[in-house]
Visitor: 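My questions all concern the structure below.
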Amino acid sequence: MRKYKVIWFDDEHQKFQSIKDEALLEDVRLIGYSNAKEGIPELRDNYKEYDAVILDGLFLKNEEQTGTDVDQSAFGEVAKVLSDLKAQNKILPWFIFSGQSSFVKDKNVLVDVLKDTSFANGKVFDKNKDEDFTKLLNEIKNEADKNPERIIKVENPEIFSIFEEGILPDDVESQLLSIFKKPFYDERAELKAILVNIRSIHESTFLKLEEIGVLPNLDQFSKKIRHLSGNITKNASGKYIATSLQYQPSEIENLQKWIYLTCGTYIHHLDQAHYTGNVISNYAVQSMFSGLLELLLWFKKTYKENI
């Protein structure tokens, strides 16, 4: 089960460990920030890591403020960031979880202005009601489960654990997600983009294996593949044997070669394909993508066995 990760703006979040524990029992991990100054950079830079946002109605703008300084300005600052992200089609569902009557009971102009479907249509969940917290968790899950990227990650947990564990960086995950979203092409520009992403992800695995010493710094793909296969050489009796540690079986070696060479051929000769009409089909593109996923599983296993 993939847990839901939620960023929570509340100046008193540290006092609510029981709420965090209760949420965790429901597979929701609450990451608390007491003020907008510290939490906004996390939200803006790492929004992809979160499934939703929770805002207290009143919380601090920065760490220098005290509990008596809370007002709606910090709420407005975070709401602006969420609106900016939404304008870039980076939509996170967000909710108010507050105990202040100005948000829970009274009509609030700011809530009315901002309410839309990504904002639970302006519904405010009351901290003073246990049933509201249960409703909030359910609402978070329901909205997060509509996110196409979350769906992809839930359906492919072995693959995306590579990024959750920090084995490969976020930019590689973004490349992979883009192929998952559309693993076929309608025009040549899309074909090149898919092949470039496949090739880049593939090469990222080699760079990571170099970092941990599985691969030496070799200048040619053929040398890298030969090394991973154990530097196989014919001995005096004519038998081919490995002369160094083998990291990959022949099936993975063949897959490595096919993906690398096929991507390279079509990336560099698509201009010629425009005139000859010889373009790789979507059957092969999707087959290479499946092969890449198999290589990623091999890579994860190899990496973890050798760190």
Visitor: Does the pair Lys257 and Ser222 meet the rule for a side chain to side chain donor-acceptor pair (under 3.5 Å), with working shown?
Guide: CA-CA 8 Å; Lys257 291 177 180 177; Ser222 58; over 6 Å; no
Visitor: Under a 4.5 Å cut-off applied to non-hydrogen side-chain atoms, are Ile140 and Val6 in contact?
Guide: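 Yes, side chains in contact.
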Visitor: Any chance you could lay out the side chain to side chain contact (heavy atoms under 4.5 Å, CB included) test for Lys20 and His13, step after step, and finish with the verdict?
Guide: CA-CA 9 Å; Lys20 294 178 183 178; His13 75 86; 3.0 Å; yes
Visitor: Before giving the answer on side chain to side chain contact (heavy atoms under 4.5 Å, CB included), spell out for Ile280 and Leu191 the whole-Å C-alpha distance, their side-chain angles and the decisive distance to 0.1 Å.
Guide: CA-CA 9 Å; Ile280 192 171; Leu191 169 59; 3.7 Å; yes
Visitor: Under 3.5 Å, is there a donor-acceptor pair between the Tyr33 and Asp10 side chains?
Guide: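 Asp10 and Tyr33 do not have a side-chain donor-acceptor pair below 3.5 Å.
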Visitor: Is the closest side-chain donor-acceptor distance between Asn35 and Glu38 under 3.5 Å?
Guide: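 There is such a pair between these side chains.
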Visitor: Please verify the inter-ring angle class for Phe75 with Trp94; under 30° counts as parallel, over 60° as perpendicular, anything in between as tilted.
Guide: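 Tilted, since the angle between the ring planes falls between 30° and 60°.
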Visitor: Can you confirm whether Lys153 sits close enough to Phe163 that some side-chain heavy atom of one is under 4.5 Å from a side-chain heavy atom of the other?
Guide: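 With C-beta onward as the side chain, the pair stays apart.
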Visitor: Quick one: does Leu296's side chain get under 4.5 Å of Leu176's, heavy atoms only?
Guide: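 Leu296 vs Leu176: side chains touch.
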Visitor: Hey, quick one: are Leu24 and Ile54 part of the same hydrophobic cluster, counting side-chain heavy atoms closer than 4.5 Å, chains of contacts allowed?
Guide: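 Different clusters: Leu24 never reaches Ile54 through Ile, Leu, Val, Met, Phe, Trp or Tyr contacts under 4.5 Å.
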Visitor: Side chains of Gln248 and Thr302: closer than 4.5 Å at any heavy-atom pair?
Guide: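 In short, these two side chains do not touch, never coming nearer than 4.5 Å.
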Visitor: Which heavy atom of Ile194 sits nearest to which heavy atom of Pro183, and what is that distance?
Guide: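 So the minimum-distance heavy-atom pair works out to CD1-C, 4.3 Å.
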Visitor: When you check the gap from the basic side-chain N to the acidic O, do Lys5 and Asp27 get nearer than 4.0 Å?
Guide: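 Asp27 and Lys5: not salt-bridged.
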Visitor: If you take all heavy atoms of Leu92 and Val53, which pair is closest and at what distance?
Guide: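 Heavy-atom minimum between the residues: CD1-CG2, 3.9 Å.
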Visitor: Could you walk me through whether Phe160 and Phe180 pass the ring-ring contact (aromatic ring centres under 6.0 Å, His included) test, one step at a time?
Guide: CA-CA 12 Å; Phe160 285 94; Phe180 264 110; 5.6 Å; yes
Visitor: Side-chain heavy atoms nearer than 4.5 Å, only ILVMFWY residues, links allowed to pass through others: does that put Ile162 and Ile212 together?
Guide: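 The answer is yes; both residues are in one hydrophobic cluster.
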Visitor: Could you note down all residue pairs passing side chain to side chain donor-acceptor pair (under 3.5 Å) where residues 154-170 supplies at least one of them, sequence neighbours left out?
Guide: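 For residues 154-170, and leaving out neighbouring residues, the side chain to side chain donor-acceptor pair (under 3.5 Å) pairs sorted by first residue read Arg2-Glu164, Ser161-Lys300, Glu165-Lys304.
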Visitor: Calculate, to the nearest 0.5 Å, the distance between atoms OG and CG belonging to Ser204 and Asp171 respectively.
Guide: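 Atom-to-atom, Ser204:OG and Asp171:CG are 7.0 Å apart.
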Visitor: Look at atom CD of Gln220 and say whether more than 12 heavy atoms of other residues, nucleotides or ligands are closer to it than 6.0 Å.
Guide: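 Count over threshold, so yes.
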Visitor: Is it possible for you to say whether Ile198 and Leu297 belong to one hydrophobic cluster, with membership spreading through side-chain heavy-atom contacts below 4.5 Å?
Guide: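 Looking at the clustering, Leu297 is in the same group as Ile198.
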Visitor: Could you state the interatomic distance from CD (Glu139) to CZ (Phe97), rounded to the nearest 0.5 Å?
Guide: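 Output value for this atom pair is 14.0 Å.
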Visitor: With a 3.5 Å distance limit and no angle check, can you tell me whether Glu173 reaches the backbone of Pro169 through a side-chain donor-acceptor pair?
Guide: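 Flag not set: sc Glu173 to bb Pro169 has no pair under 3.5 Å.
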Visitor: Can you confirm whether Lys129 is buried at NZ, in the sense that more than 12 heavy atoms of other residues, nucleotides or ligands lie under 6.0 Å from that atom?
Guide: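 No, the 6.0 Å shell around NZ holds no more than 12 heavy atoms from other groups.
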Visitor: Answer with yes or no whether the hydrophobic clustering places Val196 together with Leu168; edges join I, L, V, M, F, W, Y residues whose side-chain heavy atoms lie under 4.5 Å apart.
Guide: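 Linked within one cluster.
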Visitor: Does the side chain of Leu30 reach to within under 4.5 Å of the side chain of Ile19, using non-hydrogen atoms?
Guide: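 They are in contact (side-chain heavy atoms under 4.5 Å apart), so the answer is yes.
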Visitor: Output the distance between atom CD1 (Ile151) and atom CG (Asn147), rounded to the nearest 0.5 Å.
Guide: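 Ile151 atom CD1 to Asn147 atom CG measures 7.0 Å (nearest 0.5 Å).
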Visitor: Can you find a side-chain donor-acceptor pair between Glu42 and Tyr50 that sits under 3.5 Å?
Guide: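 Distance-only check passes for Glu42 and Tyr50.
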Visitor: Looking at Phe221, I'd like to know if the NZ or CZ of Arg226 sits under 6.0 Å from its six-membered ring centre while staying within 45 degrees of the ring's axis.
Guide: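 Checked: cation-pi criterion not met.
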Visitor: If only side-chain N and O atoms count, and only distance matters, is there a donor-acceptor pair under 3.5 Å linking Asn282 with Gln286?
Guide: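 Looking only at side-chain atoms, Asn282 and Gln286 do not form any donor-acceptor pair under 3.5 Å.
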Visitor: Taking the basic N atoms (NZ, or NE/NH1/NH2) and the acidic carboxylate oxygens, is any pair closer than 4.0 Å for Glu131 and Lys135?
Guide: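 No, this pair does not count.
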Visitor: How far does CG of Asp56 sit from CH2 of Trp8, to the nearest 0.5 angstrom?
Guide: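 Answer for the CG-CH2 pair, Asp56 versus Trp8, is 8.5 Å.
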Visitor: Looking at every heavy atom in both Gln175 and Ser200, which two are closest together, and how far apart are they?
Guide: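 Smallest interatomic distance, heavy atoms only, reads NE2-OG, 3.1 Å.
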Visitor: Using every non-hydrogen atom in the two residues, find where Glu253 and Ser229 come nearest and quote the distance to one decimal.
Guide: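 So the two residues come closest at OE1-OG, 2.8 Å.
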Visitor: How about Asp45: does its CG atom have over 12 heavy atoms from other parts shown lying under 6.0 Å from it?
Guide: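 Count over threshold, so yes.
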Visitor: Other than Leu25, which residues form its hydrophobic cluster under the rule that side-chain heavy atoms must be closer than 4.5 Å?
Guide: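 Leu25 clusters with nothing; isolated.
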Visitor: Show, in sequence, the C-alpha distance, side-chain angles and deciding distance for Leu295 and Leu255, and conclude whether the side chain to side chain contact (heavy atoms under 4.5 Å, CB included) test is met.
Guide: CA-CA 8 Å; Leu295 286 184; Leu255 199 53; 3.9 Å; yes
Visitor: Asp126 and Asp132: which non-hydrogen atoms are nearest, and at how many Å?
Guide: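 For Asp126 versus Asp132, the nearest heavy atoms are N-OD2, 2.7 Å.
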Visitor: Leu215 and Leu245: same hydrophobic cluster, using ILVMFWY side-chain contacts below 4.5 Å?
Guide: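 Yes, Leu215 connects to Leu245 through the hydrophobic network.
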Visitor: Looking at Lys15 and Glu12, does any basic side-chain N land under 4.0 Å from a carboxylate oxygen?
Guide: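 Glu12 and Lys15: salt-bridged.
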Visitor: Answer yes when Asp145 and Lys141 have at least one side-chain N-carboxylate O distance shorter than 4.0 Å, and no when they do not.
Guide: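 So Asp145 does not pair with Lys141 through a salt bridge.
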Visitor: List the steps, then state whether salt bridge (charged side-chain N to carboxylate O under 4.0 Å, His left out) holds for Glu149 with Lys48.
Guide: CA-CA 9 Å; Glu149 292 191 0; Lys48 286 185 178 181; 5.4 Å; no
Visitor: Is Tyr247 close to Val214 at the side-chain level, that is, under 4.5 Å between some pair of heavy atoms?
Guide: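 Contact flag for Val214/Tyr247 side chains = yes.
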Visitor: With distance as the sole criterion, is a donor-acceptor pair present between the side chains of Asn231 and Thr243 under 3.5 Å?
Guide: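 Distance-only check fails for Asn231 and Thr243.
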Visitor: Which residues pass the side chain to side chain contact (heavy atoms under 4.5 Å, CB included) test with Tyr240, not counting sequence neighbours?
Guide: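 If we apply the side chain to side chain contact (heavy atoms under 4.5 Å, CB included) test to Tyr240, skipping adjacent residues, the hits are Ile232, Lys234.
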Visitor: Given Ile201 and Phe299, is the side chain to side chain contact (heavy atoms under 4.5 Å, CB included) satisfied, shown in steps?
Guide: CA-CA 11 Å; Ile201 294 165; Phe299 158 74; over 6 Å; no
Visitor: Using modelled atom types only, decide if a donor and an acceptor are shared between the side chain of Thr205 and the backbone of His202 within a distance under 3.5 Å.
Guide: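 Confirmed, Thr205 side chain pairs with His202 backbone.
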Visitor: Find out whether Pro216 and His227 are in side-chain contact, i.e. whether some heavy atom of one side chain is under 4.5 Å from a heavy atom of the other.
Guide: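 Side chain of Pro216 against side chain of His227, heavy atoms only: contact under 4.5 Å found.
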Visitor: So, taking the atom named CZ in Phe133 and the one named CD in Glu26, what distance separates them when rounded to the nearest 0.5 Å?
Guide: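 The distance works out to 8.5 Å.
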Visitor: Check Ile167 against Lys208 and note the closest heavy-atom contact, atom names and distance.
Guide: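 So the minimum-distance heavy-atom pair works out to O-CE, 2.7 Å.
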Visitor: Any chance you could measure Tyr260, atom OH, to Thr265, atom OG1, to the nearest 0.5 Å?
Guide: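 The OG1 atom of Thr265 is 10.5 Å from OH of Tyr260, to the nearest 0.5 Å.
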Visitor: Can Glu187 and Lys192 be counted as an ion pair, charged N to O under 4.0 angstrom?
Guide: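 Salt bridge absent between Glu187 and Lys192.
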Visitor: Taking side chain as C-beta onward, heavy atoms only, is Ile179 less than 4.5 Å from Phe184?
Guide: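 Side-chain contact under 4.5 Å: no.
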